[in-house]
Amino acid sequence: MANDNSVKGNVIRDAGIICVGTELLLGEIVNTDAAFISRRLAALGIGVFRQYVVGDNPGRLKEMIGAAYSRTDTLIFSGGLGPTADDLTKETVAEWFGKKLVRDERTAARIGDYFCRSHRRAPHSNEKQAYVPEGSVVLDNDYGTAPGIIIEEEIDGRKKTAVLLPGPPSELEPLFLEKVEPYLMERSGGTIVSRNICLIGIGESEVGDIIAGMMESDNPTVAPYCGDGEVRVRVAAKAADAEKAAAAADAAVGRILGTGIREYVYGIDARSPEAELIARLREKGMTLATAESCTGGMLSERITSLAGCSDVFLGGCVTYANGAKTDLLGVPSETIEKFGAVSAETAAAMAIGARERLGASVGLSATGIAGPGGGTPEKPVGTVWIGVSTPDGTAVRKLSLSPTRTRDQIRKISCTALFGFAIFRISSDGRPKTEGIIEV
């Protein structure tokens, strides 16, 4: 039995992912493990063409293992390594490889120490976690009791590799980064570097039309992905090492930015539009305040989900009622009476009020009709006005979102559009198309 990264072998070019747990099939737990593993494998230049999810059933798991190994020689497993009777991944994989389970004294001692540190005695059920397939590589788990395991065996003239990892992300992620990734890196035969071009104000189909020729490339690959109110173009380049892959990816990004989509780009590899906005305001030493009607606090919630935003974000007002717009933000009642709560004039006054009343550098506003009711022929559901006020002036923009979208979608898209609008207004590196923008 070997410890950690002592196994070496043939080049791994692709892998499958098998996530084990009935709770995943029932939707009780979101399968974040598969997404994490896929991202990390891509960074190592290892392709993932199939992901599998199976419940806690050894018969079905064994059947799936056989089917998966008919398509790839490397499988990454998550889940099913716990101490309970329904945790059977290790036992099933060992049986498929024809290996016995043997007690690993080092793992047994580590499990005892894990409970000792919290002044507890290890339950008898945890004893099963000290047993591993004979001849396997044991990956010490510093974050839980179930060790990671690597099995390599020649089956029918081909080397098969199995990497078994505990299911909880708090254990799987650091174990993968610290122990599995170095092992795989030595055998990946190359690496992939990806870049994400982040856009707001343009649709996925329009982006696809503009970069259609570039999307035909096999390396780097170029593909647009649509989210709630934004589009991301993922560029992924594969090369022998990270430096060459990064150079190829960056060159492709440069070519894409040379097209008509550049004016919609709010960031490269940006975490989110709100994170990008906060970062840019922080760089400029500026502060932010919000005024919301139809978004009902979603703007503030998305901002405050960012750790450390307090040096930029001063606060916000959710002014749903017209009286609240007047009392808290100073929106003139005659403005609301003449133009309506959902109007360019009210959005502008709200943004100005947020900036002035809270003493911020920038004020954001959103007022609209999120539905499903409340629309009129003149102002149908999906009509939203967003505003940005800075010391240099105030501007508003009308969003005409499809009334077939849900209330939550309209709110999310409105927030995303407003963050992008604000980024473009405060940045000196370009502006979006000016159609639909009203300077106040």
Side-chain angles (χ1 to χ4, degrees), residues 1-20 33-54 58 60-81 87-102 104 107 129 131-141 146-167 171-192 238:
M1 206 175 313
N3 280 326
D4 294 348
N5 303 312
S6 60
V7 173
K8 297 181 182 179
N10 299 330
V11 171
I12 296 176
R13 301 194 183 281
D14 59 76
I17 300 171
I18 296 182
C19 298
V20 183
D33 286 350
F36 171 81
I37 295 170
S38 292
R39 288 195 301 269
R40 297 314 306 164
L41 290 177
L44 297 173
I46 298 174
V48 177
F49 303 114
R50 290 176 177 84
Q51 297 179 4
Y52 310 85
V53 179
V54 63
R60 286 192 285 271
L61 175 56
K62 191 173 181 181
E63 180 183 352
M64 182 171 287
I65 292 171
Y69 271 132
S70 70
R71 297 180 173 92
T72 185
D73 292 331
T74 301
L75 293 176
I76 314 291
F77 295 80
S78 80
L81 301 184
D87 290 309
L88 295 171
T89 299
K90 176 176 57 183
E91 291 79 359
T92 306
V93 174
E95 182 181 346
W96 193 91
F97 276 94
K99 292 181 174 292
K100 297 186 299 183
L101 293 178
V102 296
D104 180 34
T107 298
Q129 293 181 306
Y131 284 78
V132 300
E134 58 182 348
S136 60
V137 178
V138 180
L139 308 177
D140 293 339
N141 181 359
I149 297 167
I150 297 176
I151 303 172
E152 281 199 343
E153 190 76 12
E154 190 170 297
I155 306 289
D156 297 329
R158 295 184 66 89
K159 181 172 286 186
K160 304 292 185 183
T161 301
V163 179
L164 283 63
L165 297 169
E171 298 180 40
L172 179 143
E173 294 182 10
L175 189 56
F176 190 96
L177 293 172
E178 296 170 11
K179 305 292 176 66
V180 178
E181 200 159 288
Y183 160 75
L184 293 174
M185 193 176 296
E186 294 181 359
R187 305 179 58 211
S188 66
T191 189
I192 293 177
K238 184 172 184 178

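Quick note: residue numbers are just sequence positions, from 1.
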Rounded at 0.5 Å granularity, tell me how far [atom1] in [X] sits from [atom2] in [Y].
{"X": "D14", "Y": "I46", "atom1": "CG", "atom2": "CD1", "value": "9.0 Å"}
{"X": "R60", "Y": "I65", "atom1": "CZ", "atom2": "CD1", "value": "13.5 Å"}
{"X": "K238", "Y": "L44", "atom1": "NZ", "atom2": "CG", "value": "10.5 Å"}
{"X": "S38", "Y": "Q51", "atom1": "OG", "atom2": "CD", "value": "4.0 Å"}
{"X": "R13", "Y": "T74", "atom1": "CZ", "atom2": "OG1", "value": "11.5 Å"}
{"X": "S78", "Y": "I37", "atom1": "OG", "atom2": "CD1", "value": "5.0 Å"}

Are [X] and [Y] packed together at the side-chain level, in the sense that at least one heavy-atom pair is separated by less than 4.5 angstrom?
{"X": "L184", "Y": "L41", "answer": "yes"}
{"X": "L75", "Y": "T161", "answer": "no"}
{"X": "D73", "Y": "K159", "answer": "no"}
{"X": "F77", "Y": "V163", "answer": "no"}
{"X": "E134", "Y": "L101", "answer": "no"}
{"X": "P166", "Y": "L175", "answer": "yes"}
{"X": "I149", "Y": "V137", "answer": "no"}
{"X": "L177", "Y": "F36", "answer": "yes"}

Carefully, step by step, assess F176 and L165 under the rule side chain to side chain contact (heavy atoms under 4.5 Å, CB included).
CA-CA 8 Å; F176 190 96; L165 297 169; 3.7 Å; yes
Have a look at E152 and tell me which of K160, R158, R187 forms a salt bridge (Lys or Arg N to Asp or Glu O under 4.0 Å) with it.
R187
In plain terms, say whether E173 and R40 are close enough for a salt bridge, that is, a side-chain N and a carboxylate O under 4.0 Å apart.
no
Check: S136 side chain, P133 main-chain N or O, donor-acceptor pair, under 3.5 Å:
yes
Backbone N/O of V132 and side chain of D104: donor-acceptor pair under 3.5 Å:
no
Which residues pass the salt bridge (Lys or Arg N to Asp or Glu O under 4.0 Å) test with E63, not counting sequence neighbours?
none
Closest non-hydrogen atoms of V93 and A162, given as atom of the first, atom of the second and distance, are CG1-CB, 4.2 Å
Minimum heavy-atom distance between P147 and V138, given as atom pair plus value:
CB-CG1, 3.8 Å
Please step through side chain to side chain contact (heavy atoms under 4.5 Å, CB included) for the pair L164 and K90, ending with a clear verdict.
CA-CA 7 Å; L164 283 63; K90 176 176 57 183; 4.2 Å; yes
Determine whether D87 and L81 satisfy the following criterion, side chain to side chain contact (heavy atoms under 4.5 Å, CB included), listing intermediate values before the conclusion.
CA-CA 5 Å; D87 290 309; L81 301 184; over 6 Å; no
